[in-house]
Amino acid sequence: MADLDGIKVEKNYHLDEEFAATGNFHVKGAANLDWGMKKRLTNIFNPKSGNTVMFAFDHGYFMGSVSGLERLDLLIPRLIDHVDVLMATRGALRSSVKPGFRKGVALRVSSGSSMLNDDLSHEVIAVDIEDAIRMDVDCLAVQVFIGAKGQLESIDNLSRVINAGMRYSIPTLGVVAVGKEMERTDQYFKLATRILAELGVSIVKTYYCDKFEEVVAACPVPIVVAGGKKLPEKEALEMAYQSIQGGARGLDMGRNIFQSYHPAEMADAIGKIVHEKFTAKEAWEYYSGAVHS
Ligand code: R5P
């Protein structure tokens with residue numbers, strides 16, 4: 001059996017060297033995928049910047065109507081032009097979002113718990129691949145609970161979804177879940193992100209942490225960073241900036257956009273960092289100017 005983490009040999013992430021297996025495609029780790037996969041990944045990652053602003057509003061699948069998401073039918077039309085990808089459940093999309101938009105879609109396909117449970121790590125695959133195809137989505141999002149009681153079933157869910165997605169050229173986005181008992185350390189995120197990539201996901205969603213560059217370097221597919229609990233806008237923009245500086249290929253943000261008093265302006269400011277190389281300060285000035293104009 002292989003050695004446990006880092007006991008014998010010091011690790012070297014070669015932080016001064018770019019990812020070497022890019023081929024001529026703009027998405028990390030996807031050079032050897034087929035045409036359909038590349039088409040869908042291009043609907044997610046802008047070919048010019050290589051990055052994406054994903055807007056996550058899938059919270060209702062276990063939290064119900066959280067603050068800011070009470071009326072999807074009103075919120076989404078206000079935000080859709082300000083982001084690149086909608087990350088949502090099929091129920092939210094079908095019921096509340098008109099289908100005639102030209103943005104990427106990340107469809108949440110795992111579920112199984114609610115805020116009423118102490119342990120959220122037990123999920124099932126809730127969406128058939130045929131329904132994802134009917135909705136013409138660009139990736140399938142599965143929550144994975146590494147180190148939790150539900151680890152085995154969540155890895156089983158993930159593997160089944162990847163296998164189904166592979167049959168029809170739909171990439172899978174693996175979402176690293178952070179439970180109460182899991183620490184948000186680089187060590188944990190290196191473990192979880194690498195496991196997901198090796199299992200075959202095309203995109204990993206995780207959190208920003210210390211030594212984030214090493215997490216990115218060791219993960220052979222693009223990482224998008226989750227927003228987490230609502231922060232003051234200036235801090236959220238700083239976190240977004242640090243994430244992109246650290247090698248993230250985008251943000252997959254929910255509460256820090258939809259719980260802002262100015263969600264569209266916040267999404268635009270995030271987009272400036274993600275696509276236009278704005279610093280956190282420049283993005284904050286842009287945001288402040290936009291909300292006071
Ligand atoms: C993970 O559980 C889901 O994708 C969440 O709905 C999403 O990560 C939440 O986004 P945020 O933490 O930015 O509100």
Side-chain angles (χ1 to χ4, degrees), residues 44 52-70 72 75-76 79 82-93 96 104-117 119-127 137-146 148 150-151 154 157-158 161 172-180 182 184 189 192-193 196 201 203-209 223-233 235-240 242-244 248 250-260 263 266-267 269-271 273-274:
I44 296 171
T52 185
V53 178
M54 303 178 76
F55 175 52
F57 58 101
D58 57 337
H59 305 58
Y61 94 95
F62 73 108
M63 296 170 86
S65 60
V66 300
S67 305
L69 294 184
E70 299 88 345
L72 297 176
L75 178 71
I76 304 308
L79 275 178
H82 303 266
V83 298
D84 301 312
V85 176
L86 300 182
M87 178 175 180
T89 62
R90 63 178 167 184
L93 288 167
S96 308
V105 172
L107 183 68
R108 152 80 50 188
V109 299
S110 67
S111 75
S113 53
S114 78
M115 290 304 283
L116 302 177
N117 301 122
D119 182 355
L120 301 175
S121 72
H122 302 285
E123 291 199 333
V124 295
I125 303 166
V127 178
V137 305
D138 298 297
C139 73
L140 308 160
V142 179
Q143 195 91 344
V144 185
F145 299 83
I146 300 299
Q151 174 178 294
S154 72
N157 293 339
L158 180 75
V161 168
T172 297
L173 184 163
V175 180
V176 175
V178 179
K180 287 178 199 148
M182 299 169 211
R184 295 183 181 215
F189 290 131
T193 57
L196 269 53
V201 303
I203 313 168
V204 173
K205 173 173 172 169
T206 190
Y207 290 87
Y208 182 74
C209 62
I223 289 183
V224 294
V225 168
K229 284 187 183 153
K230 172 80 174 70
L231 301 166
E233 279 76 359
E235 287 175 37
L237 293 171
E238 183 65 38
M239 193 269 287
Q242 293 301 337
S243 300
I244 296 298
L251 275 294
D252 187 359
M253 226 172 216
R255 287 163 287 182
N256 278 291
I257 292 177
F258 66 72
Q259 290 182 344
S260 169
M266 188 60 186
I270 297 286
I273 293 170
V274 167

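Just so you know, ligand 1 is whichever comes first in the structure, and atom 1 is the first atom listed for that ligand. Sequence positions, counted from 1, serve as the residue numbers for this chain.
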Polar contacts were defined as any N/O atom of the residue lying under 3.5 Å from an N/O atom of the ligand; does this apply to [X] and ligand 1?
X: Y61; result: no
X: G228; result: yes
X: R255; result: yes
X: V175; result: no
X: H59; result: yes
X: F258; result: no

Inset, instruction - Run the numbers on L251 and V224 for side chain to side chain contact (heavy atoms under 4.5 Å, CB included), then give the verdict. - result: CA-CA 5 Å; L251 275 294; V224 294; over 6 Å; no

Inset, instruction - Applying side chain to side chain donor-acceptor pair (under 3.5 Å), run through S260 and E233 and close with a yes or a no. - result: CA-CA 7 Å; S260 169; E233 279 76 359; 2.7 Å; yes

Using a 4.0 Å cutoff against the non-hydrogen atoms of [X], which atoms of ligand 1 qualify?
X: M253; result: 13 (O)
X: M87; result: 4 (O)
X: G227; result: 13 (O)
X: R108; result: 1 (C), 2 (O), 3 (C), 4 (O)
X: D58; result: 3 (C), 4 (O), 5 (C), 6 (O), 7 (C)

Legend entry - Centroid-centroid distance, H82 to F55, less than 6.0 Å: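 No, the ring of H82 stays outside the 6.0 Å limit from the ring of F55, centre to centre.
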
Within less than 4.0 angstrom of ligand 1, does [X] place any heavy atom?
X: K205; value: yes
X: N256; value: no
X: K229; value: no
X: M63; value: no

Looking only at atom types and distance, does a side-chain atom of [X] sit under 3.5 Å from a main-chain N or O of [Y], one as donor and one as acceptor?
X: N256; Y: G228; value: yes
X: S110; Y: Q143; value: yes
X: T172; Y: V201; value: no

Legend entry - With sequence neighbours excluded, residues passing side-chain contact (heavy atoms from CB on, under 4.5 Å) with V124: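 side-chain contact (heavy atoms from CB on, under 4.5 Å) check on V124 returns nothing, list empty.
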
Legend entry - Protein residue, atom and distance nearest to atom 13 (O) of ligand 1, heavy-atom basis: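 For atom 13 (O) of ligand 1, the nearest protein heavy atom is G254 N, 2.7 Å.
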
Legend entry - Distance from atom 2 (O) of ligand 1 to nearest protein heavy atom, with residue and atom: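 For this ligand atom, the closest protein heavy atom is Q143 NE2, 3.0 Å.
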
Inset, instruction - State, to 0.1 Å, how close I244 and G250 come at their nearest heavy-atom pair, and which atoms those are. - result: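 I244 and G250 have their closest heavy atoms at CD1-N, 3.8 Å.
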
First locate atom [atom1] of [X], then atom [atom2] of [Y], and finally report the distance between them rounded to the nearest 0.5 Å.
X: R255; Y: K230; atom1: CZ; atom2: NZ; result: 11.5 Å
X: D84; Y: D138; atom1: CG; atom2: CG; result: 11.5 Å
X: H122; Y: Q151; atom1: NE2; atom2: CD; result: 11.5 Å

